[in-house]
Amino acid sequence: MPELPEVETTCRGIRPHIEQTQITNVTVRQPKLRWPITPSLKKHLKNQTITGVRRRAKYILIDTSNGTLMVHLGMTGTLSIVSPSIPASFHDHVDIALSSGELLRYRDPRRFGSIHWSKNIECHALITHLGPEPLSTEFTPDTLYLKSRQRKTSVKQFIMDGKIVVGVGNIYANEALFKAGIHPKRQAGKISLKRYEHLVEQIKTTLSEAIEAGGSTLNDFYNSDGKPGYFQFSHLVYDKANKPCPVCKKPITCTKLGQRATYFCTVCQK
DNA sequence: CTTACCGCCTGTCGGC
DNA sequence: TGCCGACAGGCGGTAA
């Protein structure tokens, strides 16, 4: 499941291959993603030059001379650079052919991802409603604390709300709450500023470390289907039900919170 | 405004 | 061993 670090790693991996190249062709084999791919996608992209690659939340933004391609990887999506000699397999839904001779290939077995094109992406509804980037200076304990007042939802669901802060998925929410010593079910509106300071710090460092580790994968990004580098570090609590807590050795608890698997230590998180 | 829940998909896993 | 139902999960949409 691509979390923010994996999306960032993908941006960095494809950027040197696609920037300043021209799109020579677009092949859509399966338009039915989370939202259907617009039939006009090819018309908008063909013959355009790619001017930059950015990330906003978990969206990959590929800027061209006349607009922006917005790609979300959903649960199982990948965007990779491949040689045209590699035949498309069943789940390879879109190929973007480049003047360099390489292909930018979108693969998504579960099709939870999406591909949009917009002339002015900053005004796209999916972008305008987003909260601050977790690694930006706008994401601070003070703003998080202020936004949380009167909120009855759990702190875990609160930090996974894209209007509050983007890019904190289930894995990193679990990990950051564990490191900050905060019980995931604690009511967001009843957490002190001091504790939000710890939480913000842990969200930032956990994501940063994962991005840094992902960077180690970039050497073999081309034609690579390997896992990003940060998978070499196993998680502390995520997917560790009944395994000993890395700090106190008490078995990790697994429960559901808003339909999502939630892992925590009843001793270390209060 | 909030909160809770739905549904899109397919690969994987547990039970029989 | 093989089948089949349950389920996971990001996240926008919608109902209450």
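Proteins come first, then strands; the chains are lettered A, B, ... in the order of their sequence lines, and each starts at number 1. Because the structure is a prediction, the values reported are computed rather than measured. Side-chain atoms are counted along with the backbone in the values below, which use heavy atoms only and exclude waters and symmetry mates.
Residues satisfying the side chain to side chain contact (heavy atoms under 4.5 Å, CB included) test with Leu135(A), not counting sequence neighbours, are Lys204(A), Leu207(A), Ser208(A), Ile211(A). Residues satisfying the side chain to side chain donor-acceptor pair (under 3.5 Å) criterion with Arg15(A), sequence neighbours excluded, are absent altogether.
Within the structure, every pair that satisfies the side chain to side chain donor-acceptor pair (under 3.5 Å) test and touches residues 246-256 of chain A, not counting sequence neighbours, is listed here: Lys250(A)-Thr266(A). Within the structure, salt bridge (Lys or Arg N to Asp or Glu O under 4.0 Å) contacts touching residues 72-94 of chain A (residues at least two apart or in different chains) are Asp92(A)-Arg105(A), Asp92(A)-Arg107(A). Applying the side chain to side chain donor-acceptor pair (under 3.5 Å) test to residues at least two apart or on different chains, the pairs with a partner in residues 126-146 of chain A are Arg55(A)-Glu133(A), Arg56(A)-Glu133(A), Thr140(A)-Thr143(A).
Across residues 145-153 of chain A, Arg151(A), Lys152(A), Thr153(A) each have a non-hydrogen atom less than 4.0 Å from an atom of DNA chain B (numbered order). At a non-hydrogen distance threshold of 4.0 Å, Pro109(A), Arg110(A), Arg111(A), Phe112(A) from residues 103-122 of chain A come into contact with DNA chain B.
On the nucleic acid side, DNA chain B contacts chain A at distances under 4.0 Å to non-hydrogen atoms, with the end points of that region at dT2(B) to dG11(B).
Between Tyr238(A) and dG9(C) there is a side-chain polar atom (N or O) within less than 4.0 angstrom of OP1 or OP2.
Leu73(A) and Leu79(A) make their closest contact through CD2-N, 4.1 Å (heavy atoms, listed as atom of the first residue, atom of the second, distance).
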Scoring nucleotides 11-16 of chain C by protein non-hydrogen atoms under 4.0 Å (B base, S sugar-phosphate only, - none) yields BB----
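Between Asp108(A) and Thr76(A), the side chains place a donor N or O and an acceptor N or O closer than 3.5 Å (distance only, hydrogens not considered). Gln157(A) and Ser154(A) share a donor-acceptor pair across their side chains, judged by distance under 3.5 Å alone. Side-chain atoms of Thr38(A) and Ser40(A) form no donor-acceptor pair, as typed in the model, at a separation below 3.5 Å. Neither side chain, His235(A) nor Glu175(A), offers a donor N or O lying under 3.5 Å from an acceptor on the other.
In the helix from dT2(B)-dA16(C) to dC16(B)-dG2(C), the end axes, each obtained as the rotation axis mapping the C1' atoms of four pairs onto the next four within a five-pair block, lie 50° apart to the nearest 10 degrees.
Remark: P of dG9(C) and CE of Met160(A) are 9 Å apart, rounded to the nearest angstrom. Whole-Å rounding puts the Glu3(A) CD to dA8(C) C1' distance at 14 Å.
Tracing side-chain contacts under 4.5 Å through hydrophobic residues (I, L, V, M, F, W, Y), one never reaches Tyr238(A) starting from Leu257(A); they form parts of separate clusters. Residues Val247(A) and Tyr263(A) share a single hydrophobic cluster, defined by chaining ILVMFWY side chains whose heavy atoms lie under 4.5 Å apart.
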If you look only at distance, which donor and acceptor atoms sit under 3.5 Å apart when one is on a side chain in residues 160-170 of chain A and the other is two or more places apart or in another chain?
from, atom 1, to, atom 2, distance (Å)
Asp161(A), OD1, Lys163(A), N, 2.9
Asn170(A), OD1, Lys156(A), NZ, 2.7
Asn170(A), OD1, Asn174(A), ND2, 3.4
Asn170(A), ND2, Ala261(A), O, 3.1

Donor-acceptor pairs are to be reported for all side-chain atoms of residues 179-195 of chain A against protein atoms at under 3.5 Å, with residues two or more places apart or in another chain.
from, atom 1, to, atom 2, distance (Å)
Lys179(A), NZ, Thr206(A), OG1, 3.2
His183(A), ND1, Lys185(A), N, 3.1
Arg186(A), NE, Lys270(A), O, 3.4
Ser192(A), OG, Arg195(A), N, 3.2
Arg195(A), NH1, Lys270(A), O, 3.1
Arg195(A), NH2, Gly181(A), O, 2.9
Arg195(A), NH2, Lys270(A), O, 3.0

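The main-chain N or O of Ser83(A) is never found under 3.5 Å from a side-chain atom of Glu102(A) such that the two would form a donor-acceptor pair.
At the heavy-atom level, Lys163(A) lies nowhere under 4.0 Å from the strands shown. Within 4.0 Å of Ala261(A), counting heavy atoms only, lie sugar-phosphate atoms of the nucleic acid but no base atom.
Between Phe90(A) and Gln157(A), the one whose closest nucleotide on DNA chain B sits nearer the 5' end is Gln157(A).
For the side chain to side chain contact (heavy atoms under 4.5 Å, CB included) with Cys11(A), the lone residue among Ile62(A), Leu61(A), Ile60(A) that qualifies is Ile60(A).
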